[in-house]
Amino acid sequence: MRSLSATKKPMSENKPDNKPQAKFSDFGLSDSILKVLDSIGYETPSPIQEQCITHLLNGEDVIGQAQTGTGKTAAFALPLLDNIDLSLNAPQLLILTPTRELAIQVSEAVQVYARGLKGFHVLPIYGGQSYDIQLRPLKRGVHAVVGTPGRVMDHIKKGTLKLDNIKSFVLDEADEMLKMGFIDDIKWVMERIPEQRQIALFSATMPNIIKRVAEQFLNKPKLVKVKTKTETAPTIKQKYCLVGGLSQKLDALTRILEVTEFDAMIVFARTKTLTVELAEKLAARGFSAEAINGDIQQSQRENIINKFKKGGIDILVATDVAARGLDVPRISHVVNYDIPQDAETYVHRIGRTGRAGRKGEAILFVSHRERRMLNNIERVTRQKIEPLELPTAKIINEKRVDTFKKKITETISNQDLSIFEKLVSEFQESNEELSLIKIASALAHIAQGNEPLFLSEKEPSFGRDQKPGEEKIVPVEANSLKDHPKIPMRRYKLEVGNSNNIKPGNILGAIANEADMDSEYIGSIQIFDNFSTVDLPDEMPDEVLKVLQKTVVNGKRLNIVELTEKNNKATIGGKSGKRNFGRGKFSKGGRNDRRGGRDSRGGDKRDGDRNRKPKFSRSKPKN
């Protein structure tokens with residue numbers, strides 16, 4: 001990386017050229033980063049990503065002036081991760097954020113983007129968390145640190161956070177830090193990073209004091225000022241729906257489709273694979289749906305879009321790239337099945353409806369973890385998005401009865417039934433004891449098939465809060481890891497929950513750091529009011545379990561124990577209800593064998609693997 005000095009240098013503004021839509025693969029990002037972006041459905045960069053990635057990869061300092069929700073985290077994380085030397089076990093990237101919530105969010109995003117960087121470690125450090133949780137990983141060595149100014153200062157003063165090897169420094173939401181009185185802390189930290197470094201400063205506004213900081217510490221920074229399209233048409237009615245996992249999304253969408261009168265609908269999904277899967281599932285449920293994405297040949301895409309325009313297809317499931325430039329007047333509804341990565345993409349998506357003064361409706365599916373992105377969209381668009389109350393089973397069932405009756409009337413009015421009348425008459429003559437009502441009911445049952453006509457009256461939560469104090473029996477069986485299905489897992493109970501303001505990042509960070517475990521082997525996390533559960537490898541050593549039992553998170557010991565039929569009664573619906581977090585593939589380190597576990601025949605279920613080093617272990621096998 002080129003030498004940078006901390007002396008005052010002039011700023012140069014960079015204006016984007018009118019050129020074709022760029023792709024992430026155009027910038028020179030490493031293959032490991034590009035593979036991750038493809039797996040999480042990032043196809044094209046947002047405006048701030050397109051400009052910042054180029055400058056940062058060139059080793060230039062950057063000032064990014066853009067609103068929250070425009071994709072800033074990826075704009076600086078992707079290129080700066082490519083500058084990390086994984087063989088150097090020391091902090092090389094330091095990111096300052098105004099709040100601990102943002103520190104956790106940015107840290108989790110960095111961890112996702114770095115999935116392909118084997119052995120990479122990122123650590124969030126912030127006030128309110130035990131120093132011990134932060135000290136151990138700092139001593140072992142991390143490559144990136146994301147923290148709040150006060151706690152970062154504390155660690156620097158204590159000598160526990162070394163800045164000698166810092167290559168890149170990011171100041172995120174600088175104007176918010178100014179409002180919170182952190183400006184002196186920021187300058188104190190920046191004065192102590194090496195003179196040869198790269199700096200990226202991001203701020204929605206540019207007060208004079210932030211400008212002075214930039215002039216003092218940045219070297220000929222490129223100014224990236226993004227004017228995002230933030231206005232949504234007043235004719236578009238916007239609503240959001242709180243949902244849990246993928247199965248809840250599908251059920252919620254199905255309910256909406258069953259009771260909503262729409263002409264045509266476009267459903268946006270994040271990945272190409274999901275567009276196909278979702279379209280197939282909707283078709284299986286009786287809806288006219290097709291998918292379009294970048295993997296579908298152009299001629300086929302054109303054919304599908306023509307059918308969509310002419311009414312041959314009612315629902316189009318698409319990725320952002322495949323739907324670019326799509327102008328179909330009959331689109332009355334837009335569904336964001338997956339929340340977009342930035343507010344501008346949201347505005348572009350819902351702009352497919354409500355055109356030329358026509359009315360339209362936009363629905364956004366939001367999980368509990370995506371509430372911040374919902375807030376960002378509302379802030380950037382300056383428009384409140386109202387919650388959507390999903391139709392109840394009773395409403396759905398009434399609608400199905402009405403539809404059933406209408407089909408009978410339409411069939412009688414529009415179809416030639418003479419053949420069937422003759423067959424039914426002959427059947428009744430041979431079975432005089434059966435009434436015509438009974439025969440008609442049997443025919444209706446045949447037509448209905450195996451799919452029940454009515455929904456169960458027992459309502460799923462769909463992300464809504466449960467009744468306070470409601471109890472739930474938690475299954476004791478652990479889920480297998482998606483990427484390592486052969487590794488036996490065990491479900492554990494942690495004595496921390498919603499009542500302790502616990503978030504999945506707290507549990508993930510504590511276990512990954514204290515157990516020295518690769519976080520791609522930390523399974524699903526469930527958070528209830530009175531406790532949480534986590535799925536961990538069955539091979540985890542006893543000594544690691546003892547360490548985790550004493551680990552303190554948010555001021556309370558985990559007291560981790562195995563979840564059994566005797567301790568699996570959870571309380572939900574109090575502060576935040578139950579929260580499920582499926583664990584994706586991240587990367588850290590792990591341990592050795594703890595205990596065997598026996599299969600249904602009484603044998604050791606790891607026979608044949610006794611001499612292998614457990615895949616989730618960082619430590620080397622002893623000779």
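Basis for what follows: all heavy atoms, side chains included, without hydrogens, waters or symmetry-related copies. One-based numbering along the sequence shown.
Counting only N and O atoms by type, the side chains of Y240 and N336 include no donor and acceptor under 3.5 Å apart. Side-chain contact check for N376 and R379: at least one donor-acceptor pair (N or O, by modelled atom type) lies under 3.5 Å. With no hydrogens or angles considered, a side-chain donor-acceptor pair links Q134 and Q129 at under 3.5 Å. Of the N and O atoms on the side chains of R557 and Q549, not one donor lies less than 3.5 Å from an acceptor on the other residue.
At distances below 3.5 Å, at least one donor-acceptor pair connects side-chain atoms of D85 with backbone N or O atoms of S87. Although no hydrogens or angles enter the test, the distance criterion places no donor-acceptor pair under 3.5 Å between the side chain of T345 and the main chain of P340. At distances below 3.5 Å, at least one donor-acceptor pair connects side-chain atoms of S203 with backbone N or O atoms of D175. Checking side-chain atoms of S107 against main-chain N and O of A103 turns up no donor-acceptor pair under 3.5 Å. Formation of a donor-acceptor pair under 3.5 Å by the T99 side chain with backbone atoms of L102 is found in this model.
Salt bridge K222/D61: absent, no basic N to carboxylate O contact under 4.0 Å. Residues K179 and E176 are paired through a salt bridge, judged by an N-O separation under 4.0 Å between the basic side chain and the carboxylate. Salt-bridge check for E514 with R136: passed, with a basic side-chain N closer than 4.0 Å to an acidic carboxylate O. Here D320 does not pair with R270 in a salt bridge; the nearest charged N to carboxylate O distance is not below 4.0 Å.
Separating the CD1 atom in I210 from the CG atom in L201 is a distance of 6.5 Å, to the nearest 0.5 Å. To the nearest 0.5 Å, the span separating CD1 on I507 from CD1 on I527 amounts to 4.5 Å. L364 CG to I339 CD1: the interatomic distance, rounded to the nearest 0.5 Å, is 4.5 Å. In this structure, NE2 on H143 lies 12.5 Å from CG on N83, to the nearest 0.5 angstrom. Distance check: K158 NZ to L138 CG gives 12.0 Å after rounding to the nearest 0.5 Å. Rounded to the nearest 0.5 Å, atoms CE (M153) and NZ (K157) are 4.0 Å apart.
Closest non-hydrogen pair, I199 versus F217, comes out as CD1-O, 3.5 Å. Between L178 and I183, the closest heavy-atom pair is CD1-CB, 4.0 Å.
For the ring pair (Phe, Tyr, Trp, His ring centres under 6.0 Å) condition, no pair includes a residue of residues 167-190, sequence neighbours left out.
Judged as a side-chain contact (heavy atoms from CB on, under 4.5 Å), and not counting sequence neighbours, K162 has no contacts.
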- Can Q238 and Y346 be said to form a side-chain hydrogen bond (donor to acceptor under 3.5 Å, both in side chains), step by step? CA-CA 11 Å; Q238 301 176 57; Y346 172 81; 2.6 Å; yes

Distance-only check: which donor-acceptor pairs under 3.5 Å involve side-chain atoms of residues 24-39, not counting sequence neighbours?
residue	atom	partner	partner atom	Å
D26	OD2	K23	N	2.8
S30	OG	S32	OG	3.1
S30	OG	I33	N	3.4
S30	OG	D82	OD1	2.6
S39	OG	V36	O	2.7

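Taking the six-membered ring where the residue is Trp, Y337 and F365 present tilted rings, their angle falling between 30° and 60°.
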